[in-house]
Amino acid sequence: MTLTVRARYDGRALIPEEPLNLPTGQTLEIEIRLPDTPPPDAHAAWEQLKATAVRGLNLPDDALRRENLCC
């Protein structure tokens, strides 16, 4: 059986990012491969979005209705 799991290293152990359906004490063979690109950092993305947001723009609620949005 082959299972691909994303994990992070905390300095002492590999911590899976999702639960593993394995019995405690199960022996494993692990192949470590670094990802080509790191996963996006949501906090950094949010800070960048806030820094580049247009300030002072007020839209009426009707302008945001689906039927009023246009390409």
Side-chain angles (χ1 to χ4, degrees):
M1 177 177 126
T2 300
L3 178 66
T4 301
V5 176
R6 199 169 184 91
R8 63 182 170 77
Y9 180 63
D10 72 356
R12 292 182 48 124
L14 293 171
I15 310 297
E17 292 184 358
E18 55 201 41
L20 299 177
N21 188 15
L22 296 170
T24 301
Q26 174 71 51
T27 300
L28 304 170
E29 291 182 8
I30 298 176
E31 178 180 324
I32 297 176
R33 186 173 32 93
L34 298 177
D36 294 334
T37 57
D41 180 3
H43 180 71
W46 175 248
E47 292 301 321
Q48 181 181 5
L49 180 64
K50 287 193 318 185
T52 59
V54 176
R55 290 183 182 9
L57 181 63
N58 293 316
L59 295 174
D61 290 341
D62 284 347
L64 299 175
R65 294 176 59 94
R66 179 181 298 142
E67 57 270 13
N68 292 335
L69 297 177
C70 178
C71 302

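The analysis underlying the following values was restricted to heavy atoms, covering all of them including side chains, and did not include hydrogens, waters or symmetry mates.
Enclosure of atom CD in Glu67 by more than 12 non-hydrogen atoms of other residues, nucleotides or ligands within 6.0 angstrom is indicated. The environment of CD in Gln48 is sparse: at most 12 heavy-atom neighbours from other residues, nucleotides or ligands sit within 6.0 Å.
No side-chain heavy atom of Leu3 sits less than 4.5 Å from a side-chain heavy atom of Asn21.
Distance check: Glu31 CD to Thr2 OG1 gives 9.5 Å after rounding to the nearest 0.5 Å.
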Extract all donor-acceptor atom pairs below 3.5 Å that involve side chains of residues 7-15 and protein atoms in other chains or at least two apart in sequence.
unit_1: Tyr9; atom_1: OH; unit_2: Gly11; atom_2: O; d: 2.9
unit_1: Asp10; atom_1: OD1; unit_2: Arg12; atom_2: N; d: 2.9
unit_1: Asp10; atom_1: OD1; unit_2: Ala13; atom_2: N; d: 2.8

